[in-house]
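No hydrogens, no waters, no symmetry mates; every other heavy atom, side chains included, goes into these values.
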Number of protein chains: 2
Amino acid sequence: MIVVGDLQPGKKLKIDGLRTLLEIGASPIREALSLLTSDQLVERIDQRGFRTAAVSRENFNDILSLRCTLEEMALRQSIANASEAWEDELVLSHHRMLRETRDHIEGFEARHKAFHMALLSASSSPLLLKLCSQLYDLNIRYRYLAGKSLNYTKRDVSSEHDNILRAALERNADQAAELLLSHYRKTGAFLTGLIATSEDTQG
Amino acid sequence: MIVVGDLQPGKKLKIDGLRTLLEIGASPIREALSLLTSDQLVERIDQRGFRTAAVSRENFNDILSLRCTLEEMALRQSIANASEAWEDELVLSHHRMLRETRDHIEGFEARHKAFHMALLSASSSPLLLKLCSQLYDLNIRYRYLAGKSLNYTKRDVSSEHDNILRAALERNADQAAELLLSHYRKTGAFLTGLIATSEDTQG
DNA sequence: TGGGTTTAAAATATCGATATTTCGGGAGAA
DNA sequence: TTCTCCCGAAATATCGATATTTTAAACCCA
């Protein structure tokens, strides 16, 4: 709900409110919020409860920058360790993403993440993969906040994805990394503009 | 307690045991364990409770590799943003570390971390700093596990620290980064050997 | 004797309730 | 009017207890 934007950034998370909303006790909620705290999606304040992580352009650029560094690292490792099983999974996730794009826009985001994680999945570093996954979620949150309306799926991401896929399958790490980072920075620059307008809406 | 090694790696964390040990209720313990889960210090298993994170040479190298990448990035940012306040804090933390080395070995680790974090502290990326802090804790855990006996403080780290400090104060990012990474990799290689012997002791 | 099932014990996850802390309003004094 | 102090309301953090799940042993049957 935080990622998708159902809960406003910087908003106070009243446990009692969530309790009735989710129809479960307070303990599981506290536990969930505690977990999300370390994922940077929830902030904890002294003895004043929890709130959703604030958003800002600085924070967004921070995420984007880290993401580029880590994903490039992971991608190069992944290509270096490439196996046939990895290839299969990559092609499969790519196809599923395309199919989902046509049929139900709903599941696209999940497929999109699956594809990007598949690119990195042959990396030998579990820690790195986990960080990339977390940063992906932090980043996607901004995309949702910028407005689900932005039909960014219609841009030219499709061909970008195709090119990344091709480079990866060709084991061309340099090109794949360049394309991937370009892909991120392009959407990043696009979102940065949108954030500027809605910057003051945070509590 | 996990970092220092009071709780064995891979060991099951019985809530009731911790409850009597720490003399507090079960709820705070669950919450603490949940938080540590995202810090990679505690692993959660389906409905079977928690356990301390397992250790392995792969995991150690994983941590070390990420640490080098992220700290270099942070250090370069930090030096780029260097201010007089940063200089002051850096020199201060370095001096405190030296003083603690002479007087009470106990507090050395805290000072050591403070010094290393001070090096990075002028970085413009809060996320990056948080990650570095987490990775530091993961790394230091291995040092404790390898044995507190290893009087590594007597090695030659002191001069290494001096050189890093000097390079940082001179705003020589390249040299500082090289020295810092060399510093980590040297102790890393040192620990890797020790880990090999105690690898099978994990539950 | 060995395998599979049942059953009891233990541990976990959740719930309801209490105590502590924080937040906001209102009364009183300068 | 404005500042301070105090009190009441609300929310949080913790506790004790219950229910669900897991684990391990005991049992029965082949």
Among [options], which nucleotide has an atom closest to any side-chain atom of [X]?
X       : options                : result
A:Ile15 : D:dT23, C:dA13, D:dT12 : D:dT12
A:Lys14 : C:dC15, D:dT12, C:dA13 : D:dT12
A:Lys12 : D:dT12, D:dA13, D:dC15 : D:dT12
A:Ile24 : D:dC15, C:dT12, C:dC15 : C:dC15
A:Ser27 : D:dA13, C:dA13, C:dG16 : C:dG16

> For B:Ile29, which contact category applies under a 4.0 Å heavy-atom criterion: base, sugar-phosphate, or nothing?
Replying inline: nothing
Should [X] and [Y] count as side-chain neighbours, where that means a heavy-atom distance under 4.5 Å?
X        : Y        : value
B:Leu22  : B:Met1   : yes
A:Leu127 : B:Leu135 : yes
A:Ile63  : A:Tyr142 : yes

Using whole Å, report how far [atom1] of [X] lies from [atom2] of [N].
X       : N      : atom1 : atom2 : answer
B:Arg44 : C:dA11 : CZ    : C1'   : 14 Å
B:Arg51 : C:dA11 : CZ    : C1'   : 14 Å
A:Asp16 : D:dT14 : CG    : C1'   : 16 Å
B:Leu22 : D:dC15 : CG    : P     : 11 Å
B:Arg19 : C:dA11 : CZ    : P     : 12 Å
B:Ile45 : D:dT23 : CD1   : C1'   : 13 Å
B:Arg30 : C:dT12 : CZ    : P     : 8 Å
A:Glu31 : C:dT14 : CD    : C1'   : 10 Å

>> Regarding B:Arg48 and B:Glu43, does a basic nitrogen lie under 4.0 Å from an acidic carboxylate oxygen?
In response: no
>> Between the side chains of A:Glu72 and A:Arg76, is the shortest nitrogen-to-carboxylate-oxygen separation below 4.0 Å, so that they form an ion pair?
In response: yes
> So, is A:Arg48 close to the D:dT12 phosphate, meaning a side-chain N or O under 4.0 Å from OP1 or OP2?
Replying inline: no
